[in-house]
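Here is how names work: the chains are called A, B, and so on, in the same order as the sequence lines, proteins then strands, and each is numbered from 1.
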Amino acid sequence: MPTSRGLEVRDATVRFDRAVAVDDVTLSLDSGHVLAVLGPSGCGKSTLLRAIAGIEELTAGTVCFDGRDLAGVPTHKRGFALMFQDGQLFPHQSVAGNVGYALRVRGRSRSEQRVRVDELLDLVGLPGYGERMPATLSGGERQRVALARALAVRPRLLLLDEPLSALDRGLRERLAADLRGILAEAGTTAILVTHDQEEAFAVADRMAVMRAGRVVQSGSLSEVWRAPVDGEVASFLGYATVLRGGPARTVLAAGGAHGDGNGDAEVALRRSALRCADDGPLRGRVLEARATPEVTRLRVDVDGVGEVDAVAGQDADVSVGHDVRLMVDLTRAAVLS
Amino acid sequence: MGTAALAVVPLAVLGVFFVLPVAGMVGRGFWTDGGFDPSASLEVLTRSRTHRVLWFTLWSSTVATLVTLALGLPLTFVLYRLRVPGRSAARAFVLMPFVLPTVVVGVAFRTLLTPSGPLGFLHLDGTAAAIIAAMVFFNLAVVVRTVGVLWENLDPRREQAAAALGASPWQVLRTVTLPALAPAIVASASIVFLFCATAFGLVLTLGGLRYATVETEIYLLTTQFLDLRAAAALSVLQLLVVTGLLYAAHVTRSRREHAVERADVRSTLRPARRTDLAAVSTAALALAFVATPIAALVVGSLRVGDGWGLDHYRALDGHEAGSTAALLVPVTEALSNSWRVAVDATTLAMVLGCLVAVLVSRRGRSRAERRGLAVLDGVFMLPLGVSAVTLGFGFLITLDRPPLDLRTSPLLVPIAQAMVALPLVVRTLTPVLRSIDPRQREAAESLGASPWRVLRTVDLPVVWRPLLAATGFAFAVSLGEFGATSFLARPEAPTMPVLIYELVSRPGADNYGMALAASVVLGLVTVVIMGLVERLRLGTAGAF
């Protein structure tokens, strides 16, 4: 009864010889949403993307779009578009040639091609770049062209393979915001594969975390962020510290959580979960202190907890070797189930 | 699936027109009176003459390969990386020996080294050194061409990075440039070695009775002594050794071959510096080495008695009574035979070669598929290793009865030549196809391009120049092919090399002069064709 609109991946498995790259993955994505598949390199996320594109064959399972099983539908007839980490622009074609590629393939008229290419170059912020050759572009410009090329025929599903990873940080942040805006404006359904949680948070509205070929957690960004399924996922999502057992209980108690006292408590802390406060319930010795534009970041050896990250207001008087008191802000922590 | 279906056509052709004749020839030697009896054949391997032949084949090919690399690499560097005047003319010139028919090369070296010739004082006529020199002369182009294409596209910034890190020019060469070129160097060296080890026309015209390679020995055993058993044993031995070599080369290659990043910079040429002196002088030496035999050939063809004239050329059309009385057909007719055969053979070799190259350049998904593709790759290299003589003789004895009675078919010679040219076509195209990042094709596919469209818009723009080059090469190989053709060409329809060899083998200064003139004409035709291909290549660069 797959009646939903959008992508539906069921029990998908991709095997290379004996190695299982994608292991029984089930995912769904409603149209108009952007899903980030987050995972360390080698976890099978790119293979999953390629299987959805139809480049890799599924060993088992199904990929459906708008209720239709895509088994046997070749890549070029799926109506998707794939964008790679390094763009993979066709080096022998101009920017306009690259952007208009999908239009030419579909036999659109020259005038329509020209109008659409100009429109797309405007959209990605590169007006007037049509005659340039890919070799003369910077990395960021190439990715913008690759994006324009992928969007040209309004694909039913846009597949992005680490689209921003090759760029430097400032550019990445700017382009991530642009990407989100462009996708939202066009109402594009997209899957973004990345190992960078910031990229995922900046662009997507849903998230699936992959590990060793399996999806270990999926949901909306805030669902996943607020309740990581385990410590490993929490670390990968950018939580600075994961505590277990006694130290976890100590922190939870200090934060005012009514713990039931069982032995396998686990809590993931962001750096700002522990903050210097004169009346804080925890006490520790400052090991490192580093000023940043907004807060002072600390490394503190906390009694009963161990070494953790913490922050202090810039006006606070902290120095290495001195004792400080810390309060716990549980809104900046996740209690792991 | 798709792969298997694509593989069927070339495999079937190879099966019928290569495996069958070779197996027939080998079988003829091993089966006597209806029973399998290899002992009689293997006896040949214990003869001391055979040992001498094997040893000579091995060491002469090794030395020739090393010398070819030693001369060829500096020459490649100068012609493809330095902004030296006349480099495109020099590039075309260096290719000339390779497209010259082996018989022509043999004749040129004999003219040069004969006691009364320009270099007669060196007393090299009939020595191993002469044979090796001719091999180097012939194969220099293989190195320059194979390595040059890669070197030209190598991003100089990587070398600049190494230099900035404190590497001397020599260290840059050793640690950055050579490793990057390794696939091309290994590929060209193995091809050169194979060409040397299976050289036929060269050794036959230069070696006389003193020197024989396995290939000429097979010819001798087959045609002179009618000792098919011994010939079959040598053929099998050659096949085994060459298969082993090809396998070794394949292992090295696949370990090194990867998608090469092409230089984004417009030109990788730089002006010559003082440190390039050694390379430039070696290159000059190599060019002189290439020029000398060619000059000797041309000069010799113009020499009439004690004076000069075009008499030998005039005699080619057969109208002058006396001079061609002994020839069944005039040389001009042989030339048009050669042309027709070459067109057919090239078409066949290109169709098959493209199919095979597209196939073997795929990256298999599973280990089984990868292994299958690797085997396929190797199988289509086999014609390189099988004696053309064996192939030619095999054609005669297996394709002589229905349903495949081709004895009188005008396609017999083109098919045999296509088999000889096929490995060359495949080897020219495959590395280029492999160097295309597969994600380029995937991106195109995901944008809605059908497989055919992907081939046209992603592969073709990169591969069309090598495609032209391969076509030119195949044509040249066909024009010059001698080993198999000498068996298959009917006496009333000889090709140029066959006729030239016939002229050389006859006594008389007039016949020899005509052989020289015919060689010049044949050489000129091939060179002009290759030149056109080259011109086309340069003229439309960047049109896509």
Checklist entry - Where do A/H76 and B/P451 come nearest, in terms of heavy atoms and distance? => result CE1-CD, 3.3 Å
Checklist entry - At a heavy-atom separation under 4.5 Å, does A/R50 approach chain B through its side chain, its backbone, both, or neither? => result side chain
Checklist entry - Rounded to the nearest 0.5 Å, how far apart are CZ of A/R78 and CD of B/E445? => result 10.0 Å
Item to check | Residue pairs fulfilling ring pair (Phe, Tyr, Trp, His ring centres under 6.0 Å) with at least one residue in residues 355-374 of chain B, sequence neighbours excluded | outcome: none
Next on the checklist: With rounding to the nearest 0.5 angstrom, report the CG to CG distance, A/L82 to B/L447.
Outcome noted: 8.0 Å
Item to check | Nearest-0.5 Å distance that lies between atom NE2 in A/H92 and atom OG1 in B/T457 | outcome: 7.0 Å
Next on the checklist: Can you tell me which portion of A/A53 sits under 4.5 Å from chain B's heavy atoms? Options are side chain, backbone, both or neither.
Outcome noted: neither
Checklist entry - Quick one: what part of A/F90 sits under 4.5 Å from any heavy atom of chain B, side chain, backbone, both or neither? => result both
Item to check | Spacing of CD1 belonging to A/I52 relative to OG belonging to B/S446, to within rounding of 0.5 Å | outcome: 13.0 Å
Checklist entry - Taking 4.0 angstrom as the limit, do A/D161 and B/R439 come out as a salt bridge? => result no
Next on the checklist: With rounding to the nearest 0.5 angstrom, report the CD to CZ distance, B/Q440 to A/F84.
Outcome noted: 9.0 Å
Checklist entry - Does CZ belonging to A/R154 count more than 12 external heavy atoms closer than 6.0 Å? => result no
Checklist entry - B/A443 and A/R149: which non-hydrogen atoms are nearest, and at how many Å? => result CB-NH2, 3.6 Å
Item to check | From CD (B/E442) to CG (A/L159), nearest 0.5 Å | outcome: 11.5 Å
Checklist entry - Which residues pass the ring-ring contact (aromatic ring centres under 6.0 Å, His included) test with A/F80, sequence neighbours left out? => result A/F65
